[in-house]
Peer 1: 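Encoded as structure tokens, here's the structure I'll be asking about.
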Amino acid sequence: MTLAITGATGQLGRLATAALKARGLSPIALVRDPAKAADLGTETRAFDYKAAATLAPALAGVKTLVLISSNDFDDRMGQHRSVIDAAKAAGVLRILYTSILRADTTPLILAADHKATEEAIRDAGLTFTFLRNGWYTENHTGSLGGAIAAGALIGSAGAGRFSSAARADYAEAIAATASDGHANQVYELAGDTSHSYADLAAEVSRLTGKTIPYNDLPADTYAGILQSFGLPAGFAHVLADADVQAGQGALFDESRTLSRLIGRATTPWQATVAKALA
Ligand SMILES: NC(=O)c1ccc[n+]([C@@H]2O[C@H](COP(=O)([O-])OP(=O)(O)OC[C@H]3O[C@@H](n4cnc5c(N)ncnc54)[C@H](OP(=O)(O)O)[C@@H]3O)[C@@H](O)[C@H]2O)c1
């Protein structure tokens with residue numbers, strides 16, 4: 001089986017590439033910048049979702065493609081569609097796609113591209129494995145430094161719970177499903193345990209010995225603050241919306257499908273927090 005993975009120089013892609021190799025697989029890294037992939041220890045091919053000419057040559061001979069969703073919101077669906085079309089033309093048999101929790105029903109604005117991408121893969125007649133990733137715990141720990149400096153954690157999720165898992169857990173799920181046996185399966189992936197922003201603030205307070213409260217903000221206020229940190233207005237709005245929907249349970253999941261798939265418990269969110277603060 002010739003296996004290739006996009007986004008291999010990204011944070012999830014690097015972990016997934018290592019996890020695939022640890023299982024004895026030899027993924028081909030499809031990357032925008034081959035120089036960034038020099039340390040991956042894999043065959044590397046140039047591949048840019050937005051540069052159509054790179055797609056067909058890079059997919060030659062590939063039978064299983066891990067498509068890591070783009071982080072570029074400039075026509076993200078168009079980027080994914082180009083890859084799906086090129087994969088079909090190149091004779092790719094199966095696409096594993098990193099989607100989002102309950103992509104078909106979730107109200108998250110963020111999910112629209114994922115839902116459309118899943119549909120495009122199905123419509124192309126390709127065999128699929130949809131890895132519907134829940135929240136990365138790192139989404140929350142990435143901004144802890146700023147929160148500690150400011151003396152408060154902010155968000156718009158109220159008491160909503162995030163069943164988050166570490167990127168490494170989701171990466172392991174890619175590796176666990178890359179071999180045969182997961183044809184046309186949809187996996188709702190999330191952490192075994194969950195936390196609210198108040199839980200996160202309490203844990204940060206405990207670890208730092210400082211009092212860091214959680215301040216729940218109206219979505220517009222939160223989006224405005226994210227913009228003031230340098231996020232584009234559209235993305236700030238999408239993130240604030242994710243919080244609001246999380247407040248209604250959109251990122252909570254008790255299925256434990258992820259831990260069953262990877263054969264171990266997911267990384268406790270507290271461990272990811274401790275790592276970020278170490
Ligand atoms: N579930 C969640 O909580 C959550 C959170 C954040 C992101 N995500 C999604 O999951 C994906 C992976 O997460 P991550 O943390 O690994 O993100 P990341 O570190 O930002 O990696 C994104 C990857 O996409 C690649 N990419 C972007 N535009 C491309 C293009 N035109 N052609 C080819 N490759 C392109 C990047 O290439 P370079 O290495 O060249 O930059 C990078 O490897 C993200 O892209 C996003 O869609 C999910």
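Whatever order the structure lists them in is the order used to number ligands and atoms, beginning at 1. Each residue takes its place number in the sequence, starting with 1.
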Peer 1: Should we count NE2 of H237 as having more than 12 external heavy atoms under 6.0 Å?
Peer 2: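 Incorrect, the count does not exceed 12.
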Peer 1: Side chain, backbone, both or neither: which part of E138 comes within less than 4.0 Å of ligand 1 when only heavy atoms are counted?
Peer 2: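 No part of E138 comes within reach of ligand 1.
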Peer 1: Tell me, which protein residue and heavy-atom name are nearest atom 31 (N) of ligand 1, and how many Å apart are they?
Peer 2: D48 OD1, 2.9 Å
Peer 1: Please report the interatomic distance CD1(I84) to CZ(F128), rounded to the nearest 0.5 Å.
Peer 2: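 Answer for the CD1-CZ pair, I84 versus F128, is 12.0 Å.
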Peer 1: Is there a polar contact between ligand 1 and H114, counting only N or O atoms under 3.5 Å apart?
Peer 2: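 N/O-N/O distance below 3.5 Å does not exist for this pair.
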Peer 1: Could you tell me whether ligand 1 has any atom less than 4.0 Å away from a heavy atom of I100?
Peer 2: no
Peer 1: Check ligand 1 against G7 and write out every atom of the ligand that is under 4.0 Å from a heavy-atom position of the residue.
Peer 2: 43 (O)
Peer 1: Given D104 and K115, is the salt bridge (charged side-chain N to carboxylate O under 4.0 Å, His left out) satisfied, shown in steps?
Peer 2: CA-CA 6 Å; D104 52 343; K115 181 170 187 266; over 6 Å; no
Peer 1: Evaluating non-hydrogen atoms only, which member of I5, L67, N71 is closest to atom 20 (O) of ligand 1?
Peer 2: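 It is N71 whose heavy atom sits nearest to atom 20 (O) of ligand 1.
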Peer 1: Are L93 and L67 grouped together when hydrophobic residues (ILVMFWY) are joined by side-chain heavy atoms under 4.5 angstrom apart?
Peer 2: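 Different clusters: L93 never reaches L67 through Ile, Leu, Val, Met, Phe, Trp or Tyr contacts under 4.5 Å.
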Peer 1: Check the orientation of Y136 and Y170. Use parallel for under 30°, tilted for 30 to 60°, and perpendicular for over 60°.
Peer 2: tilted
Peer 1: Could you see if V31 belongs to whatever hydrophobic cluster contains L12? Use Ile, Leu, Val, Met, Phe, Trp, Tyr and a side-chain cutoff under 4.5 Å.
Peer 2: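 Looking at the clustering, L12 is in a separate group from V31.
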Peer 1: Tell me the protein heavy atom at minimum distance from atom 16 (O) of ligand 1, and give that distance in Å.
Peer 2: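 Residue, atom and distance for the closest contact: L12 N, 2.7 Å.
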Peer 1: Checking salt bridge (charged side-chain N to carboxylate O under 4.0 Å, His left out) for the pair R23/E172: CA distance, chi angles, key distance, verdict?
Peer 2: CA-CA 10 Å; R23 288 179 184 245; E172 193 61 46; 2.8 Å; yes
Peer 1: Nearest 0.5 Å, what's the CG-CZ distance between D199 and F162?
Peer 2: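 So the CG of D199 and the CZ of F162 are separated by 11.0 Å.
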Peer 1: Answer side chain, backbone, both or neither: which part of T9 comes under 4.0 Å from ligand 1, heavy atoms only.
Peer 2: both
Peer 1: So for N139, does at least one of its heavy atoms come nearer than 4.0 angstrom to any atom of ligand 1?
Peer 2: yes
Peer 1: Would H182 and Y187 count as a close aromatic pair, with their ring centres under 6.0 Å?
Peer 2: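 Under 6.0 Å, so yes.
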Peer 1: Are H195 and H140 close enough that their ring centers fall under 6.0 Å?
Peer 2: yes
Peer 1: Distance to 0.1 Å, residue and atom name: give those for the protein heavy atom nearest to atom 41 (O) of ligand 1.
Peer 2: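 Going by distance alone, atom 41 (O) of ligand 1 is nearest to R32 NH2, 2.9 Å.
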Peer 1: In terms of residue, atom name and distance, what is the protein heavy atom nearest to atom 32 (N) of ligand 1?
Peer 2: Y49 N, 2.8 Å
Peer 1: Heavy-atom contact check, 4.0 Å cutoff: does R167 meet ligand 1?
Peer 2: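 Judged by the 4.0 Å heavy-atom criterion, R167 does count as contacting ligand 1.
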Peer 1: Out of Y136, W135, F73, whose heavy atom sits nearest atom 8 (N) of ligand 1?
Peer 2: Y136
Peer 1: Might you confirm whether atom CG of D220 has over 12 heavy atoms from other residues, nucleotides or ligands at distances under 6.0 Å?
Peer 2: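 Incorrect, the count does not exceed 12.
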Peer 1: Just which atoms of ligand 1 are under 4.0 Å from any heavy atom in Q11?
Peer 2: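 What qualifies from ligand 1 is 15 (O), 16 (O), 18 (P), 19 (O).
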Peer 1: Counting each atom of ligand 1 from 1 as listed, which ones have a heavy atom of K36 under 4.0 Å away?
Peer 2: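 Per the distance check, 38 (P), 39 (O), 40 (O), 41 (O).
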Peer 1: Nearest heavy atom to atom 43 (O) of ligand 1: which of G10, G134, S99 does it belong to?
Peer 2: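 Selected option, by shortest heavy-atom distance: G10.
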Peer 1: Heavy atom of R76 under 4.0 Å from ligand 1?
Peer 2: yes
Peer 1: Hey, what do you get for OG1 (T272) to CD (E203), rounding to the nearest 0.5 Å?
Peer 2: 11.0 Å
Peer 1: I68 near ligand 1, heavy-atom distance under 4.0 Å?
Peer 2: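 The answer is yes: ligand 1 sits under 4.0 Å from a heavy atom of I68.
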Peer 1: Just wondering, more than 12 heavy atoms not from K50 lying within 6.0 Å of its NZ?
Peer 2: yes
Peer 1: With a heavy-atom distance limit of 4.0 Å, tell me whether Y170 approaches ligand 1 through its side chain, its backbone, both, or neither.
Peer 2: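 Neither part.
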Peer 1: Below the 3.5 angstrom mark, is there an N/O of D33, backbone or side chain, next to an N/O of ligand 1?
Peer 2: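 There is no such contact.
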Peer 1: As an exercise, identify every atom of ligand 1 less than 4.0 angstrom from a heavy atom of S69.
Peer 2: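 Every atom of ligand 1 under 4.0 Å from some heavy atom of S69: 9 (C), 10 (O), 11 (C), 44 (C), 45 (O), 46 (C), 47 (O).
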